[in-house]
Protein chains: 2
Amino acid sequence: MYYCIMKNELLKGTLKTILLNLLEKEGEMYGYEICQKVKDLSEEKLLITEGALYPTLHKLEAEGWLNVKKKKVGKRTRKYYSLSRKGKPIAVQKLREFQEYIETMNLILQPKTAKS
Amino acid sequence: MYYCIMKNELLKGTLKTILLNLLEKEGEMYGYEICQKVKDLSEEKLLITEGALYPTLHKLEAEGWLNVKKKKVGKRTRKYYSLSRKGKPIAVQKLREFQEYIETMNLILQPKTAKS
DNA sequence: TTGTTTTACATAAGATTCTTATGTATTATT
DNA sequence: AATAATACATAAGAATCTTATGTAAAACAA
């Protein structure tokens, strides 16, 4: 079981963006694998909790943005998720919205005198 | 009354950061003025709702991060907020956390092959 | 001068999203 | 043999926002 180490009010709203874009890059992943991948990519800084992950995957599936394929591994069943045809443009859109939000935040937060 | 035009799951978690850092730059502001300023700075892209703003200002005040000063303007009373001594390092910290979160998101989201 | 818009505060109900806690069961490691 | 890691799931609670509503003064337009 995972806990978030970034005090993450900030994760709110970005989890779907992360999941959709990760699946876009990686192709096919199962839930537990996604947790690990995010942990690795983020250098242990972002730890997605299962309580956030699984319900969100189910929602994305219900929206028709993900395809699911069950695979038996021994006696255990993994659920592999991938972007659906319908989900692909959503992944792009979510990423764009995130980038726009950062730009907007910069407009508000950046000191008037600084150039960064 | 305001509505958010950015479909803002993304505002979640960043409002306090915005308020603290805006007050740090501007010195003293009242609620309604903050809404206008954010609207202007963001080029109409981020419209803070009063239902989000006022309770959040009250929370920041309750934490001891803001000072409040009431001013009569005609028969109306404005509440001017400013960063308290205790609030100043929090503003800096929130900004740093936000920047770190963006860096972490970039680690997760950026395509392996691209350089941007 | 009368009606509408803007200014300026406030709070409550509802939706959404996350954390924390708990549960089940298999597989790997010590 | 016991513990940790893998792999799924859901429910209670906390936090944060949207939407709706309320009050009232000041400014503006018809």
Side-chain angles (χ1 to χ4, degrees), chain A residues 1-20 28-40 46-63 66 68-81 94 97-98 101, chain B residues 1-20 28-40 46-63 66 68-81 94 97-98 101:
Chain A
M1 160 135 200
Y2 294 117
Y3 296 96
C4 239
I5 46 174
M6 305 190 90
K7 283 169 191 171
N8 261 335
E9 295 162 344
L10 295 173
L11 176 63
K12 296 209 181 200
T14 59
L15 182 54
K16 287 178 185 171
T17 307
I18 291 171
L19 297 181
L20 292 170
E28 214 179 38
M29 301 182 87
Y30 58 97
Y32 193 79
E33 190 185 9
I34 292 174
C35 284
Q36 297 301 322
K37 190 73 185 178
V38 169
K39 184 178 159 189
D40 290 350
L46 185 58
L47 305 178
I48 294 175
T49 63
E50 293 162 295
L53 178 71
Y54 291 112
T56 304
L57 283 172
H58 299 162
K59 272 174 220 162
L60 295 177
E61 187 194 348
E63 291 278 359
L66 299 186
V68 194
K69 203 161 49 178
K70 289 186 183 180
K71 280 189 194 172
K72 276 246 164 191
V73 180
K75 287 185 181 174
R76 266 193 308 218
T77 303
R78 284 183 191 157
K79 289 176 75 175
Y80 279 86
Y81 293 91
K94 290 271 182 193
E97 280 174 11
F98 178 68
Y101 191 72
Chain B
M1 160 139 199
Y2 293 118
Y3 296 97
C4 241
I5 46 173
M6 306 191 87
K7 284 172 191 169
N8 261 336
E9 297 162 344
L10 295 173
L11 176 63
K12 296 209 180 198
T14 58
L15 183 54
K16 287 178 185 170
T17 306
I18 291 172
L19 297 181
L20 291 169
E28 215 179 37
M29 300 182 88
Y30 58 98
Y32 192 80
E33 189 185 10
I34 292 173
C35 284
Q36 297 301 322
K37 190 73 184 178
V38 169
K39 183 177 160 190
D40 289 351
L46 186 57
L47 304 178
I48 295 175
T49 62
E50 293 161 296
L53 177 71
Y54 291 113
T56 303
L57 284 173
H58 299 162
K59 273 174 217 161
L60 295 177
E61 186 194 349
E63 291 279 358
L66 298 186
V68 193
K69 205 162 46 179
K70 290 186 184 180
K71 281 189 193 173
K72 276 247 164 191
V73 180
K75 287 185 182 177
R76 269 194 306 217
T77 304
R78 284 184 192 157
K79 289 176 75 175
Y80 279 86
Y81 292 91
K94 290 273 182 191
E97 280 173 13
F98 177 68
Y101 191 71

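Within every chain, numbering begins at 1; the chains are lettered A, B, ... in the order of the sequence lines, protein sequences first and strands thereafter.
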Counting only side-chain nitrogens and oxygens, does [X] get under 4.0 Å of the OP1 or OP2 atom of [N]?
| X | N | result |
| --- | --- | --- |
| Y30(B) | dA8(C) | yes |
| H58(A) | dC8(D) | no |
| K59(B) | dA15(D) | no |
| K79(B) | dA10(C) | yes |
| K16(A) | dT17(C) | yes |

Could you give the [atom1]-to-[atom2] distance, from [X] to [N], as a whole number of Å?
| X | N | atom1 | atom2 | result |
| --- | --- | --- | --- | --- |
| E50(A) | dA7(D) | CD | P | 11 Å |
| E33(A) | dA7(D) | CD | P | 8 Å |
| E61(B) | dA10(C) | CD | C1' | 13 Å |
| E63(A) | dT16(C) | CD | P | 11 Å |
| Y54(A) | dG23(C) | OH | C1' | 14 Å |
| Y101(A) | dC17(D) | OH | C1' | 11 Å |
| K72(A) | dA25(C) | NZ | P | 13 Å |
| R78(A) | dA9(D) | CZ | P | 14 Å |

Heavy-atom side-chain contact between M29(A) and Y81(A) under 4.5 Å: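 Result no, sub-4.5 Å side-chain heavy-atom pair not found.
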
Between CG on residue L46(B) and SG on residue C35(B), distance to nearest 0.5 Å: 10.0 Å

Candidates dT7(C), dT6(D), dT18(D) - which lies nearest the side chain of Y32(B): dT7(C)

Which nucleotide in dT19(C), dA10(C), dT19(D) has an atom nearest any side-chain atom of T49(B):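 The answer is dT19(D).
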
Exam field: side chain E33(A) to backbone Y30(A), donor-acceptor pair closer than 3.5 Å: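 Checking the backbone N and O of Y30(A) against the side chain of E33(A), a donor-acceptor pair under 3.5 Å is found.
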
Basic-acidic side-chain contact under 4.0 Å: E28(B), K71(B):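 K71(B) and E28(B): salt-bridged.
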
Option from L57(B), L60(B), I48(B), T49(B) for which side-chain contact (heavy atoms from CB on, under 4.5 Å) with L15(B) holds: I48(B)

Which residue lies more 5' along DNA chain C, comparing R76(B) with Y81(B) via nearest heavy atoms: R76(B)

